[in-house]
Structure formats: C-alpha cells, structure tokens
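For reference, the structure is listed below as structure tokens.
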Protein chains: 2
Amino acid sequence: MSTKTPVTLKLLAQKLKISISTVSKALNDYPTINAYTKERVKQMAAELHFTPNKSALNLQIQKSYTIGIILPDLMDHYFTRSIFGIEQHARQYGYNVIIGQSYDDLKKEVDLANMLLKSRIDGLIIAISKNTQNFDHLDMFENLGLPIIYYGRNPSFNLSCHKVLSNTYQGCYKATDFLIKRGHQRVAYLGGPKMISFTHDRFKGYINALNDNQIPFDASLVAYTDFDKENTNSAIKELFYKSENPPTALVAFKEQILFDAMKYLRANHYEKMDQTDFIGFGNMPFIRYLDNPPLASIEENPESMGENAIKLLLKLIDQKTEATEYQEVMVDCELVLHS
Amino acid sequence: MSTKTPVTLKLLAQKLKISISTVSKALNDYPTINAYTKERVKQMAAELHFTPNKSALNLQIQKSYTIGIILPDLMDHYFTRSIFGIEQHARQYGYNVIIGQSYDDLKKEVDLANMLLKSRIDGLIIAISKNTQNFDHLDMFENLGLPIIYYGRNPSFNLSCHKVLSNTYQGCYKATDFLIKRGHQRVAYLGGPKMISFTHDRFKGYINALNDNQIPFDASLVAYTDFDKENTNSAIKELFYKSENPPTALVAFKEQILFDAMKYLRANHYEKMDQTDFIGFGNMPFIRYLDNPPLASIEENPESMGENAIKLLLKLIDQKTEATEYQEVMVDCELVLHS
DNA sequence: TTCTCCGTTTCAAACGTTTGAAATAAATCA
DNA sequence: TGATTTATTTCAAACGTTTGAAACGGAGAA
C-alpha cells in the first residue's frame, strides 16, 4: 500500500470519476452535494488516507491557522509551563503552534520574527528577550494587522500593546503579608536585576504589605542581585551578616536566587537558619527533592498566563477589527505552602 | 506605512511595471535577468518589506522545509535539551521546526502525527510515548517516503527503523566501574520501570562492570521502581535496611528517582550516609541548588542526541533514496563529577 | 535588406484547495 | 408538449510562487 505520492483531491476525483469540486464540497459537507456521493467520497478519502494539503489551504483561505510563540528559553519551567496553557487551547480551536527560542538574544528574536512572518502566522505571543528595546521586527506584524500578545515579560517603556502578565505586585504583597501575619517583624526583600520592571513591582508589593501592617521600612533589609551566584552570595552576606539585627524572613525575586541564598547560608552554618522563613517566586517542581524546602512559593500560574494569552489572541484574530483598545490582563499569584 | 495587506510579487511587479516572473527571477538571482533590473527589484522588495509567502512556496516546490518533532514532555530537561541540538542545526539549514508534546499519551501522539502529516513536513523526529505499541500513525510517513528518526526512546520490539539513542549501557558501565575503582565493593543498582528497555540495558552495563572487576553479583543489591515516590522509598528500604550488609554506593536509573531516594535516606538519618556514594542518570541543572549533591551524574548529552538525529534526518531528506539501510546511532554518555 | 543570435523579459502552466456562478439532468407544473 | 423549477454537478478563477518555453527587440552577420 506504499503510495509514495500524496493523495490529493484530484486523485480522489479521478478514482471516483467526478470533478474535483464535488470531492472538495463533499468532504466539506456542502448541502448541495448528494448524500450518496458524500458517502462515496468520504469512504474513498478514508481508504486512501487523504489529508488536505495545509499549504494549499492556507494559500486559498489566506489564513494559516498557525500562531507563533517566541520565548527566551524552554529550559525555564516558567515558560515551558506557559506553553502548556497555550497549546491546549490553541489545538482545541484548530490552531497550530510554532515555538521559537530567542535565548534572550535580540538577533535571534528578530530572525524568529521574520521566519514567522514568512510562515504567515495569524498571530504572535511573545515574551520579549531581556534586551529588546527596538520593536521594528514586531511592528511588522502590527502593520499587517496581525495581533501580538506580550506576555510574561513587560515591555518596559509603556508601549501600547496587549499584555498578559502575572500580578507580581500582588504575589509579593501576599508573601510579605503572610510572613508578617506569621509573626515576623523583620522581613527582607531580595530583588532581581534592577533593569527588570518586575523587580520594582514586587518591591512595591513588599512595601505596601509592610505599610498595611504598620511595620516601618528598613532599607538594610533590602538587597538586589542578578542571577549570578557570587552576586547573590554577597547580597546575602549584606542582609544577614552585616546587621546586628538580621531578618527573620526573606522574600526572594526568584527561586533560583533563593536556593543559592539558602544553600549559602546553610553552607556557612547560619545559626538562626531554623527560625528563618524563606519564600520565593516560582514553585519549581524539584522543590520536592530538597531536604529543606522553603516555607512557601509564590506560584505565578504560568499555565493560566498562557491560557489568557491565547484566549485573547484568538479573540483578536477572530474579530479582526484592529480598533479595539489595548487589553492588559493580570494573572493572580498564589501562595503555596511546602512544609 | 500601514500596509494591512501582505506584499506579494504581484504588487512589486505592478509598482515596477514589470512582470511577476521577472520579479521572482530577479529576487532569486537568475542569470538571465539584467543586473540593473535585479537592483531595482531588490530595492523595492526591501522598501516594501516583501516576505515570500511560505505556503505558496511550499505548494510550488512540494517541500515544506519544516520538520516535526514529537516528544513526550517539554518539562523534562532531557527532551528540552535535545531540542536545542535539533533546532540549532535545523535552522542553519533553512528548516523550521514544529514541536508537539504527546504527554506520553498515544492518542495525543496520533493526533500530532496527523497534524504534521497535514502540514506536509519533510521528516519527523520522535521520542515515542510510553505506550506506543501500534505504529500505524507513523507508517503513514514511511508510505509517503518521509523519513522518521526514533530518538531518545527505543521502540521496544525490534522495529526496523532509524534510531538515535544514548548509549545507556555504557553510561551505567562507566558509573559502576568508577564506583568500584573508587573502592566500593557493594554497589547497588536501582532500576526504572521494567517495561522500559533502558532499565535492562543499564542493568547489563552494571553487571558487566561488576564482572570485569571480579565482583560477584548479589541480587539483594538490585531493586526496581517506577517514578512514584512511595515505590522508590520501599525499594530503598529493601536495599538499605533489609540487609545486614547494605550497599556503599548506588547507581540509579534517573536522578528524579535518586533524589527521592537520597531524601528518604537523609530524612531517616541513615547512619552511613556520608560513606555512601550516589550516581544517577541525568545531570539535571538544579543539582547546583542541592546542599548535598550526588557524587556524580551520568550525562546523556541530549543536545548531541538531538544533533545526531537532525543530521541523519536531513541527510535522509536530501538523498531521498529510500533504499538506504536503517541507521542506528549511539551517543556516548559521560560521567560528570559534582563534589 | 534579411537572417541569425543574444540578452532579456514575458507567458502560461503548475502546485492543491475553495467557492460563486454556470451548466446539466431530472422532475414538476401548466 | 413545452416551460419552469429543483437537485446536483461542474466550471473557472483565485490564492502566491516557480520555471521551462516562447516572445521580443536590437545588434551583428550574410
């Protein structure tokens, strides 16, 4: 049964001695086609394993039923989980998904964007790379009337665009508030790189939680680090060893940072380790393997982010009216306890 | 400069008042086209941001320059890393990549295969789902002369096909041998699910390393588990607590299993923990966060696996002669020390 | 002048599909 | 019987691209 050449409408038409249009319409259940004919066509199609050629279809209907995703890195569970939300929903509505990794490299991001443009995707969901300042490669999509959803990472300068972000302010507020309510008077905040807007949003959550609980702000309880281990270690030294009155709890920008911090403290046998509570953003799956997991995680619900992003995108694709104002969706964070 | 409608060859032709063919040939550097004309066409194309419509192209050349990847789960670093190798190479040769996750569900795998068939991919790289016994959905590709590379997971019954696998036997041999050379007389093997062929391949590596080092095989040093924590715990109980002469080293089927095991032992204050060495398959990135990392990891080099898979695939696509015999590539494992 | 040749451009078909309009055949009505 | 309706099928153009064949205009040769 080795066919070697793809089965087309033409072939079906020849076999059945009817026209190509009839075959096409039969398969698409046109009411004008005779029931018996439909039956014959469908049976033959099944028998020969006919699969419509997507390229021909796309060309004809001027729609690819494909959406593009650009994200920095699949190794990051945050993004991998977000794909889950996107893919599920997209496939359900007949859309395919092309995923591209930018590796936080602007050049790669531009290449991917051009590639997706060639593929005539119907819309784009993107978590921009760290150093994306120039948006020319993305404006191309807008010019063609193709919707873009920015998700996960906030395009720093207030670009007017559709956004789906996690409510990172709220996440940090919840964590800080929870720690205070648990009895902590000295809660520290370990922020991420200062260029990232989330660092500041989270800081606001931290501050507001302090205020709402009538706890005075203490600048010596705040430090920043990037994702480099050495950097984190010195920030921790600053927070825990420089002060005569060290924090009894810590909220960290990301669990990657938190775990480095905890490991450092434990390696240095920080004496009050057992009385100190730790919370970070992430809720990474391998926490289950840690001997001493942090007290809790701030779960950003990336699946839900992905789902919101794809839902908004499909809505925009469908209406095709570009005149809608820009949407901004905030996905709630929640606290997940580990102990 | 809002175009709203994609720029086509036709539009360029109109603007330049020349024929579509000339435009096409100019852009493709046909020698018969006048140099000045080429110049004009290319400039106009750049100015209007012309991007060729991939669907039209595919339809014409009967090739999609797209390859499909089906794998169980992007959350698994093993597969995520393998994509890295595939993507890099594929893009370099002008190929796009569509990734689908089967979630180890045969039905999803079949759906994905059909979807990829519609998309007229030029070839497929697949890590089959755990319960793929029936290969009808994949035979379709073979029937159309589209090459398939099975990678990462071994299609159990000796299907004649192209395979790219990690040399798991060798990895386990190396680890066991290393532990013995390090002075361990009692090395245990904690295998994975028995339905997985790798479990047995690794066991062979374990046995052969024992033999080559004149260490008698002791059945009480071998246990099996699936990826369930409780299951692992009882296997560990079996190995370490039932015997009056427990193992001093352990080789585990996967680090996910190993970490559960180590956590269990540590939680139960296993007294000889410090004198026991642990090695598992994986080399997961978050080992850096563990307070007490295992002695070493067996690195399966998934990037290299991906690279081998895509290289073989592209070779098969190019030659298009189906008569080549089936290839089987084995990727070396290596031991990576952590302490 | 007429023919040939060359460089360049255009024609036209093809890839596989959809779809409104036109054609056909059969059935109904007057 | 002839006209009209109805059910079904086919025609033909279109989507955007490629590409061998044909056409064109001018230059050089006979």
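Just the heavy atoms: all of them, side chains too, but no hydrogens, waters or symmetry mates, feed the values below. Order of the sequence lines fixes the chain letters, A, B, ..., with proteins taken first and strands second; residue numbering starts at 1 for each chain.
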Interatomic distance where NZ belongs to B:Lys118 and C1' belongs to C:dT17 [whole Å]: 14 Å
Side-chain touch B:Pro72/B:Ser129, heavy atoms, less than 4.5 angstrom: no
B:Leu9 or A:Thr37, whichever maps to the more 5' nucleotide of DNA chain D: A:Thr37
Length of the CZ-C1' vector between B:Phe50 and D:dT18, whole Å: 12 Å
Atom pair CG/CZ of B:Asp111 and A:Arg91 - distance to nearest 0.5 Å: 9.0 Å
Whether B:Tyr95 and B:Tyr65 hold their rings parallel, tilted or perpendicular, with breakpoints at 30° and 60°: tilted
Residue B:Gln88 excluded, over 12 heavy atoms near CD under 6.0 Å: yes
Overall bend - the helix from C:dT1-D:dA30 to C:dA30-D:dT1, comparing terminal axes fitted on five pairs, nearest 10 degrees: 90°
Value in whole Å for how far the C1' atom of C:dT18 lies from CG of A:Leu12: 15 Å
Worked check of side chain to side chain contact (heavy atoms under 4.5 Å, CB included) between B:Ile86 and B:Ile99: CA-CA 11 Å; B:Ile86 297 173; B:Ile99 304 167; over 6 Å; no
Side-chain N or O of B:Asn34 closer than 4.0 Å to phosphate OP1/OP2 of C:dT8: yes
Residue pair B:Lys54 / B:Thr66, side-chain donor-acceptor N/O under 3.5 Å: yes
Integer-rounded Å distance: C:dT19 P and A:Ile61 CD1: 8 Å
Along DNA chain C (nearest heavy atom to each residue), the more 5'-positioned of B:Ala56 and B:Ser19: B:Ser19
Nearest-0.5 Å distance, CZ of residue A:Arg120 to CG of residue A:Leu144: 7.0 Å
With B:Arg81 via side chain to side chain donor-acceptor pair (under 3.5 Å) - residues at least two apart: B:Glu299, B:Glu303
Positions of residues 21-30 of chain A (non-hydrogen atom under 4.0 Å from DNA chain C), listed by number: A:Ser21, A:Ser24, A:Lys25, A:Asn28, A:Tyr30
Whole angstrom value for the distance that separates P of C:dA14 from CG of A:Asn53: 17 Å
Sugar-phosphate, base or nothing in reach of A:Tyr36, heavy atoms under 4.0 Å: nothing
Sugar-phosphate, base or nothing in reach of B:Thr32, heavy atoms under 4.0 Å: base
Heavy-atom neighbours of B:Tyr103 OH exceed 12 at 6.0 Å: yes
A:Phe141 side, atom CZ; A:Phe135 side, atom CZ - distance, nearest 0.5 Å: 13.5 Å
Atom-to-atom span, CG of A:Leu59 to C1' of C:dT18 - whole angstrom: 11 Å
Any A:Lys54 side-chain N or O less than 4.0 Å from OP1/OP2 of C:dT17: no
Rounded distance (Å) that lies between atom P of D:dT19 and atom CG of B:Leu57: 9 Å
side-chain N/O B:Gln62 vs D:dT18 OP1/OP2, d < 4.0 Å: no
Whole-Å distance separating the NZ atom of B:Lys38 from the P atom of C:dT8: 9 Å
